[in-house]
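What follows is a set of notes on a single structure, which appears directly below.
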Amino acid sequence: MLASELPEIVEDDEDLARFLTSSNQFNAKMAKPGAFLPSGDDRETSVFRHGSEPRAVLWTIGDTHLAGRKFHGAAIVKARDVRAALLDVFADEPPPRHAAIRGWPWQDDAESQKAERKARAAEIANKAILFRRQENAG
Amino acid sequence: MHKAATRVAESTERSLALFGAKAAALSQLAAMAAECSEPGWDGDTAVPIDPVAVMSAEGFVRALPDDVPLPEFGPEPDGAISLDWIHSRNHLLSLSIGRSSRLAYAWLNGSDKGHGVARFDGQNVPPLILQIIKVVMRSGHAGLRVT
């Protein structure tokens, strides 16, 4: 058991929240594929093990993790949908509830690598549900 | 004579409207680049949007033929810019523009999907990309065969 009291293994039916810090990471329909691409140095995508409810807790996690940086909402996806995209998700605490999407393709050719990553990010985006934060929310 | 003049006037109106639409798109691109101009804009380790990528994306938008829908823009954590044509969550094309003339892309078209790399010479949008845009933005009514 982790410090957060969550199990060490991320189960397939767990919800994962990806916080959206740019208004251009989503539109009225969905979170865009680019919202799920990994950071270059870390080779992984940072997510939190929390669903859409309770919503106030979700936003508190975002506020804490992002250290006051404004964010616009979260895209929530099941761990099984990440794995269906031939990636995996692992618990990665601290901070509490943090997890990492890993297993992104690596290739010598940078653009071919990016194309493969975008394909997998598009599959995740296809399944993710967008939850927008009210602009006047604290 | 009158009909010809009318056609010219209509064509001019379309050009002006299109210019306005592209100008608006380029304005959105600039706003996005400004929003993501600091390291860690994603709350993590993202690098700022690359000014070279912005210039390339501007060139790409200008090169789009008049009958092709304009994209939405999105930031990517490696400093590249995503040009997205999204008809629905499973009919979309996402194209990355960074420092290279080789552009990575991925598309979903119903149960079909694909990805690849296309070269942009700065003047002409790759025909394959135009084909994919048209198909996914028609919500996949036509089949898309990409090899």
Side-chain angles (χ1 to χ4, degrees), chain A residues 18-48 62-72 75 85 98 100 105 107 109-130, chain B residues 28-29 31-47 49 71-111 113-120 136:
Chain A
R18 172 71 169 163
F19 292 107
L20 305 170
T21 56
S22 166
S23 58
N24 292 284
Q25 289 178 298
F26 60 93
N27 65 13
K29 298 170 184 168
M30 63 188 294
K32 298 177 186 176
F36 295 96
L37 287 173
S39 290
D41 293 339
D42 294 342
R43 307 181 180 187
E44 60 188 35
T45 301
S46 180
V47 292
F48 283 82
D63 282 329
T64 303
H65 171 62
L66 297 169
R69 179 183 293 273
K70 182 181 178 183
F71 65 99
H72 301 271
H98 187 254
Q107 288 194 23
D109 181 76
E111 285 74 32
S112 296
Q113 171 181 285
K114 187 74 176 282
E116 279 200 34
R117 291 180 176 192
K118 287 180 73 73
R120 298 183 190 199
E123 290 186 55
I124 298 173
N126 179 26
K127 298 293 186 183
I129 306 297
L130 174 67
Chain B
Q28 291 165 7
L29 172 62
M32 185 211 66
E35 184 188 38
C36 303
S37 61
E38 300 290 332
W41 56 261
D42 64 344
D44 207 338
T45 59
V47 301
I49 294 299
E72 301 175 36
F73 303 101
E76 295 187 346
D78 61 357
I81 295 168
S82 179
L83 276 62
D84 298 310
W85 288 263
I86 300 174
H87 183 275
S88 63
R89 61 175 51 244
N90 58 356
H91 292 95
L92 61 85
L93 166 66
S94 185
L95 175 82
S96 284
I97 297 185
R99 298 185 71 86
S100 169
S101 61
R102 298 175 68 238
L103 312 181
Y105 64 89
W107 53 269
L108 300 176
N109 188 38
S111 58
K113 60 186 177 183
H115 63 274
V117 178
R119 188 175 294 279
F120 176 51
V136 299

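Computed over heavy atoms, backbone and side chain alike; hydrogens, waters and symmetry mates excluded.
To the nearest 0.5 Å, the span separating CE on M30(A) from CG on L92(B) amounts to 5.0 Å. Taken to the nearest 0.5 Å, the OG atom of S112(A) stands 8.0 Å off from the NE2 atom of H115(B). Atoms CG and CG, from N126(A) and L108(B) in turn, are 5.5 Å apart once rounded to the nearest 0.5 Å. A distance of 12.0 Å separates CD of E76(B) from CG of N24(A), quoted to the nearest 0.5 Å. Atom CG of D44(B) sits about 5.0 Å away from atom OG of S46(A), to the nearest 0.5 Å.
Looking at K118(A) and S96(B), their side chains do bring a donor and an acceptor atom within 3.5 Å of each other.
The minimum heavy-atom distance between H65(A) and G43(B), with the atom names listed, is NE2-O, 4.2 Å. Considering every non-hydrogen atom in both P77(B) and S39(A), the closest pair reads CB-CA, 4.0 Å. Scanning all heavy atoms of the two residues, the minimum distance from G116(B) to A115(A) falls at O-CB, 3.2 Å.
Looking at A128(A), the atoms closer than 4.5 Å to chain B (heavy atoms on both sides) all sit in the backbone: N, CA, C or O. With a 4.5 Å cut-off on non-hydrogen atoms, D84(B) touches chain A through its side chain but not through its backbone. When heavy atoms are compared at a cutoff of 4.5 Å, Q113(A) does not approach chain B at all. For L66(A), the part lying under 4.5 angstrom from a heavy atom of chain B is the side chain only. Only the backbone of A125(A) comes within contact range of chain B, with at least one heavy atom under 4.5 Å from a heavy atom of that chain.
The side-chain hydrogen bond (donor to acceptor under 3.5 Å, both in side chains) check on R119(B) picks up S101(B), with sequence neighbours excluded.
With K29(A) contributing its side chain and H87(B) its backbone, the two residues share a donor-acceptor pair below 3.5 Å. At least one donor-acceptor pair closer than 3.5 Å links the side chain of T21(A) to the backbone N or O of W41(B).
Put simply, of G40(B), G98(B), C36(B), A31(B), the one with the most heavy-atom pairs under 4.5 Å next to chain A is G40(B). When each of M32(B), E35(B), Q28(B) is scored by its heavy-atom pairs under 4.5 Å with chain A, the top score falls to E35(B).
Side chains of K32(A) and S82(B) form no contact here, defined as non-hydrogen atoms less than 4.5 Å apart.
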